J.: 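For reference, the structure I am asking about is given below.
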There are 2 protein chains.
Amino acid sequence: MAVTIYDVARVAKVGIGTVSRAINNSPQIRPETKKIVLHAIKELGYTPHAIAQGLARKKTGILAAIMPFYTGHFYHELLRGIMKTLSKYEYDLILYYVDRLEVKNNFLNRTLQERRCDGVLTFSMEISDEYAEKFSKSKVPLLIVDRAHDKIDCIQVKNEEGAFAATKHLIELGHKNIAMISGHKESAPSRERYRGYERAMQESGLTVTPDLFISADALDNPDLLQQNDGFNEHVGESAMKRLLQMDRKGITAIFAGSDILAIGAMKAIREAGLSIPKDYSIIGFDDIELASYLSLTTMQQPMYEIGCMAVERIMEKFEDKESPVRQVQLSPTLVERQTTAPL
Amino acid sequence: MAVTIYDVARVAKVGIGTVSRAINNSPQIRPETKKIVLHAIKELGYTPHAIAQGLARKKTGILAAIMPFYTGHFYHELLRGIMKTLSKYEYDLILYYVDRLEVKNNFLNRTLQERRCDGVLTFSMEISDEYAEKFSKSKVPLLIVDRAHDKIDCIQVKNEEGAFAATKHLIELGHKNIAMISGHKESAPSRERYRGYERAMQESGLTVTPDLFISADALDNPDLLQQNDGFNEHVGESAMKRLLQMDRKGITAIFAGSDILAIGAMKAIREAGLSIPKDYSIIGFDDIELASYLSLTTMQQPMYEIGCMAVERIMEKFEDKESPVRQVQLSPTLVERQTTAPL
DNA sequence: CTGAAAGCGCTAACAG
DNA sequence: CTGTTAGCGCTTTCAG
């Protein structure tokens, strides 16, 4: 059996309470005694048993992250920020991977009830009022990233503002017939980004006719919706093909609701023998890794930073459970590359 | 306070042992009694406390993964496989993120000593004999992915074989002057891939002269080595530039030790106004996500599958601690795309 | 300051 | 089959 606090106590000729004080930097211990204990600890190669500490302290030292994992880079960057920041604290991260949204609630229950962790971060997932309520009542802080709920702390990007800026960029380049390609129309980011697009158009006196907007669900192919709420390459490609077919309005620019959508659209454009940005200007949203390699102009979301902030914030909540709900919104920034050009 | 096993016992009018048997599917309980207990559990909304169970059972239900995290897609795919497989078991994953190799040992100690997890997976990291020894002696199974150690279980790809196949492919296309670009020469994958390259050349009666091989450390720029052992885009670009400069041998093809190296090299080639595969054929290794978007011919490593296998294997070790060391080697497969062409 | 003792919530061996 | 009891390894009063 591994060495326990009792072994240390015996060797140091003190009580286990004293050993505990020594390892926990308690002020209630005489420096000399502490030295003796520390020496015994080193001699025996003792390390406290994390689980046992957890039970006694009623805290686990674990943070849970529940992530949908289909879109690589976005979550990878988030994770990098999270891990980096977490390493400053003595905290471990348990990762829950959601591939079908239905399993999300299992994890919420798991984290909530089984007390495996001290707090949870969710990403890009709607939280029902029911769970929002449950978490508020419990002592497990919850922080929502990339979505919102008015009763819960969240961090997200200003989708509408970003979409507005993207569309504006196209307009300033001289484009007038600007189409938008989107994931599932009913998803939160879709709705918000659509609003930004619409507002930019209207403010410039441009009208958004229905045939200028194609969302994943309008494609009459349920399969396309499966992956990531319709924010996937296939949707981008199909939507663009349709735009290409029925374009009688002289569309010259596309605002894609995400980079991956934009990339699908680019593929369709090139396969049609057209070129970018000569025939079509196109702008994405997210700034995933691929975007820079494919020289896609896009709205950058500060993913790494969001990951850092999420951790900092939840650590704050660990300190002060009663800290009032805080909703943080960050602005995306335009990254101009080669897929947009003056008309 | 949350509801405990005692509350359930009281309500069900049984002892806590019986409650425990009910939740743990023990055969030693009468079906009717079990029904009563289960009913009380539902009524009270009881869920066992994972930490307390862990302490009593001497197992945590947690698997630790220690990963270097700089190269997105590779680890993302691995993680997908791991998470997918793990979800079949009642296991959670703690992720440790290594950005500097020096911190690796901290995590090894942490997992080894603090008993936060039942087993650990390491990725792309050399394990010293010292730690190999420590783990073998301990009851914490360790599984090494993407590296090898003869005393420890590991899963990796046949680097030499893959490099051989890659080089052979180039040779079959008619190329004779084939250069290789590599990460740090001393790293295990570099050495193994170099051997495959060399063997393919020799078997075809081609000679490998020193100026045909450029590794990250030969670039006289320590900064380039920092990231991922020299397997990064900058090294690919710099190495290719050098090749372009001093090429008096009529090199027509490049075998890059990794996709990201290949991508850097492609950039250098294009910036020199040359084209691929017209002027240079180039093949990578890994098949990261970018490779398909950039149409890079490469050797594919089955990352997702490796992740699955790693979990399956470590679960086996949980069952049978004495299971003898097993070393698994998988073959990479050639994925032909647009960057290689007949001479 | 320090030792003893009482939990933390659960599992498992032991009687019955 | 079931209740009781002794831990699992540590933290935290509570006396002294």
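Below, read A as the first sequence line, B as the second, and so on, with proteins coming before strands; counting in each chain starts at 1. Values in this document were obtained by computation on a predicted structure and should not be read as measured data.
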J.: Compute the bend angle of the helix from C:dC1-D:dG16 to C:dG16-D:dC1 from the end axes (five pairs per end), rounded to 10°.
T.: 40°
J.: Output the rounded distance in Å from NZ (B:Lys13) to P (D:dC1).
T.: 23 Å
J.: Return the value, rounded to whole Å, for the distance between atom NZ of A:Lys58 and atom P of C:dC10.
T.: 10 Å
J.: Would you kindly give the CD-to-P distance between A:Gln28 and D:dC14, to the nearest whole Å?
T.: 13 Å
J.: Taking atom C1' of D:dG9 as reference, at what distance in whole Å does atom CD of B:Glu114 sit?
T.: 14 Å
J.: Heavy-atom count check: over 12 atoms from other residues, nucleotides or ligands less than 6.0 Å from A:Glu130 CD?
T.: yes
J.: Calculate, to the nearest 0.5 Å, the distance between atoms CG and CZ belonging to A:Leu55 and A:Arg57 respectively.
T.: 11.5 Å
J.: Do B:Phe318 and B:Tyr89 have ring centroids that are under 6.0 Å from one another?
T.: no
J.: Given the side-chain rings of B:Phe107 and B:Tyr97, with only the six-membered ring counted for Trp, is the space between their centroids under 6.0 Å?
T.: no
J.: How about B:Lys321: does its NZ atom have over 12 heavy atoms from other parts shown lying under 6.0 Å from it?
T.: yes
J.: NZ of B:Lys35 versus C1' of D:dT2: gap in Å, rounded?
T.: 19 Å
J.: Tell me the interatomic distance from B:Asp7, atom CG, to C:dG9, atom C1', rounded to whole angstroms.
T.: 11 Å
J.: With no hydrogens and no angle check, is any side-chain donor or acceptor of A:Thr33 less than 3.5 Å from a backbone partner on A:Ile29?
T.: no
J.: Could you tell me whether B:Ile29 contacts a base, only the sugar-phosphate backbone, or nothing, with contacts defined as non-hydrogen atoms closer than 4.0 Å?
T.: sugar-phosphate
J.: Roughly how many Å is it from NZ in A:Lys59 to P in D:dT11, rounded to a whole number?
T.: 11 Å
J.: Rounded at 0.5 Å granularity, tell me how far CG in B:Leu95 sits from CG in A:Leu86.
T.: 10.0 Å
J.: Over how many whole Å does the gap from B:Ile36 atom CD1 to D:dC1 atom C1' extend?
T.: 13 Å
J.: Does a nitrogen or oxygen in the side chain of A:Thr33 sit under 4.0 Å from OP1 or OP2 of C:dT2?
T.: yes
J.: Where along nucleotides 11-16 of chain C does protein come under 4.0 Å, by heavy atom, of base (B) or sugar-phosphate alone (S), with - for untouched nucleotides?
T.: BBB---
J.: Among D:dT2, C:dT2, D:dG9, which nucleotide has an atom closest to any side-chain atom of B:Thr18?
T.: D:dT2
J.: What nucleotide, of C:dT2, D:dC1, C:dG9, holds the atom closest to the side chain of B:Pro31?
T.: D:dC1
J.: Using a 3.5 Å distance criterion without hydrogens, assess whether the side chain of A:Gln327 forms a donor-acceptor pair with backbone atoms of A:Asp150.
T.: yes
J.: Counting heavy atoms not belonging to B:Glu90, are there more than 12 under 6.0 Å from its CD?
T.: no
